[in-house]
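Remarks on the structure that follows.
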Number of protein chains: 2
Amino acid sequence: MDVRAQILDAATRLFAARGYDGASLGRIADEVGVRKASLLYHFPSKDALHRAVLDGVLAHWNEALPRVLEAAAGEDRFDALLHEVVGFFTAEPNRARLVLREALDRPEAMREQLEGQVAPWIAVIAGYIRRGQERGELRPDADPEAWLFQIIHLIVGGVATADSLAFGGNTDRLAREIERMAKVSLFTDEGLARNASRGERAAE
Amino acid sequence: MDVRAQILDAATRLFAARGYDGASLGRIADEVGVRKASLLYHFPSKDALHRAVLDGVLAHWNEALPRVLEAAAGEDRFDALLHEVVGFFTAEPNRARLVLREALDRPEAMREQLEGQVAPWIAVIAGYIRRGQERGELRPDADPEAWLFQIIHLIVGGVATADSLAFGGNTDRLAREIERMAKVSLFTDEGLARNASRGERAAE
DNA sequence: CCTACCGATCGGTAGG
DNA sequence: CCTACCGATCGGTAGG
């Protein structure tokens with residue numbers, strides 16, 4: 001791994017754990033094993049480094065989401081999407097923490113990112129939901145865009161704060177309840193029945 | 001309002017907006033209209049001020065929750081609780097941001113707070129849910145503690161990041177979807193029917 | 001509640 | 001990629 005990637009890696013960890021102001025260039029450089037001045041050769045400023053870290057999180061989505069949407073067959077699309085989101089953030093919880101911190105630290109910048117980069121994909125998936133509602137598989141009173149936001153919110157927030165909430169080893173219970181809430185609040189009884197039969201096959 | 005309360009007020013605002021490291025004692029003092037050294041007369045250190053701010057958030061719950069639980073009649077208890085949580089955080093979104101930041105910045109301290117101060121109340125309310133499940137009003141597959149955590153999570157996180165998510169004036173949609181998801185994921189059809197008839201009366 | 005001040009740390013630059 | 005250094009800002013203290 002070249003130095004630039006090592007810097008991005010350490011910066012991701014420290015920005016996620018301590019926030020923009022709490023993470024100093026000196027400590028990031030220490031973790032990589034270089035001097036602060038050398039770090040500023042690769043990234044012109046702390047702000048530029050921070051933006052590069054956030055771009056890394058966003059870049060994955062622009063690659064992964066189209067792939068999942070195209071690959072997953074129509075009926076299994078929701079499971080595939082759910083697992084992609086869960087997998088993406090559990091694989092690297094710092095991604096979730098970075099997103100949450102950005103929402104708190106710079107709400108205006110986050111709003112623009114959501115509108116420009118995330119909203120289009122939300123719209124696409126919301127379209128699938130609307131078709132499911134027309135077929136009677138999904139609850140007609142569900143608000144597709146709002147439902148999606150809340151589920152993503154539960155996953156991202158849950159992963160980001162897992163260390164805080166994980167008392168008594170209840171992370172599994174929390175994760176299972178998210179999945180139950182997501183399904184029961186979106187699928188009709190008819191849709192759930194079809195989903196369950198598919199789930200039993202998948203569990204084997 | 002005396003100086004001490006003014007300091008706590010300004011500190012709440014700045015800690016919520018910029019985090020512990022991002023909020024300086026100098027700026028907090030500026031907003032109050034005193035010198036930094038004067039601020040350190042009322043609170044011996046930045047850390048002590050921060051803890052006092054968090055205690056203020058917690059103190060409300062130890063007063064409000066027992067009150068709501070006792071006052072609300074059995075059948076309307078869930079609506080009363082939901083509105084208390086929503087009202088508490090929407091009235092002062094900084095409370096929600098502080099809680100979220102604490103979970104990110106000091107997960108260990110947050111975990112202890114949750115175990116000691118919040119878990120007992122969760123247990124009480126979870127008991128109500130279990131009784132509702134035995135009566136057939138609430139879904140038997142719902143995990144009472146986990147469901148409560150997720151609903152509180154949705155409300156706290158939603159309020160804290162409302163500025164980021166509020167594009168196209170969709171905060172109302174997001175709030176309505178939380179309420180719909182909460183109800184449909186907890187109540188059975190029978191329970192929902194009873195709830196709806198009560199809701200219609202309340203809406204008049 | 002103030003002025004004056006301290007040591008430490010910060011992001012960033014000069015120059016090689 | 002380094003050493004050496006800068007001005008600014010930080011939390012906190014002395015003394016009144």
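Here is how names work: the chains are called A, B, and so on, in the same order as the sequence lines, proteins then strands, and each is numbered from 1. Because only heavy atoms are used, hydrogens play no part in the values below, and waters and symmetry mates are left out as well, while side chains stay in.
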Nearest-angstrom distance from the residue atom [atom1] of [X] to [atom2] of [N]:
{"X": "A:Leu39", "N": "D:dC1", "atom1": "CG", "atom2": "C1'", "answer": "11 Å"}
{"X": "B:Leu40", "N": "D:dC10", "atom1": "CG", "atom2": "P", "answer": "13 Å"}
{"X": "A:Tyr41", "N": "C:dG12", "atom1": "OH", "atom2": "P", "answer": "18 Å"}
{"X": "B:Ile28", "N": "D:dG12", "atom1": "CD1", "atom2": "C1'", "answer": "14 Å"}

Please check the phosphate of C:dT9 (OP1 and OP2 only) for any side-chain N or O of A:Ser24 closer than 4.0 Å.
no

For C:dC2, does either OP1 or OP2 sit under 4.0 Å from a side-chain N or O belonging to B:Ser38?
yes

What's B:Ala23 touching, base or sugar-phosphate or nothing? Going by heavy atoms closer than 4.0 Å.
sugar-phosphate

Considering every strand and a 4.0 Å limit on heavy-atom distances, what is the contact class for B:Leu25: base, sugar-phosphate, or nothing?
sugar-phosphate

Can you classify the ring geometry of B:Phe88 versus B:His60 as parallel (below 30°), tilted (30 to 60°) or perpendicular (above 60°)?
parallel

Please work out which of the three classes, parallel, tilted or perpendicular, describes the rings of A:His50 and A:Tyr20, given edges at 30° and 60°.
perpendicular

Find out whether B:Asp141 and A:Arg176 are in side-chain contact, i.e. whether some heavy atom of one side chain is under 4.5 Å from a heavy atom of the other.
no

side-chain contact (heavy atoms from CB on, under 4.5 Å), paired with A:Pro144, selected from A:Ile129, A:Leu186, A:Leu138:
A:Ile129

Searching all strands shown, indicate the nucleotide that pairs with D:dA4 (Watson-Crick or G-U wobble; both distances under 3.5 Å).
C:dT13

Is there, by distance only and without an angle test, a donor paired with an acceptor across the side chain of A:Lys36 and the base of C:dG11 below 3.5 Å?
yes

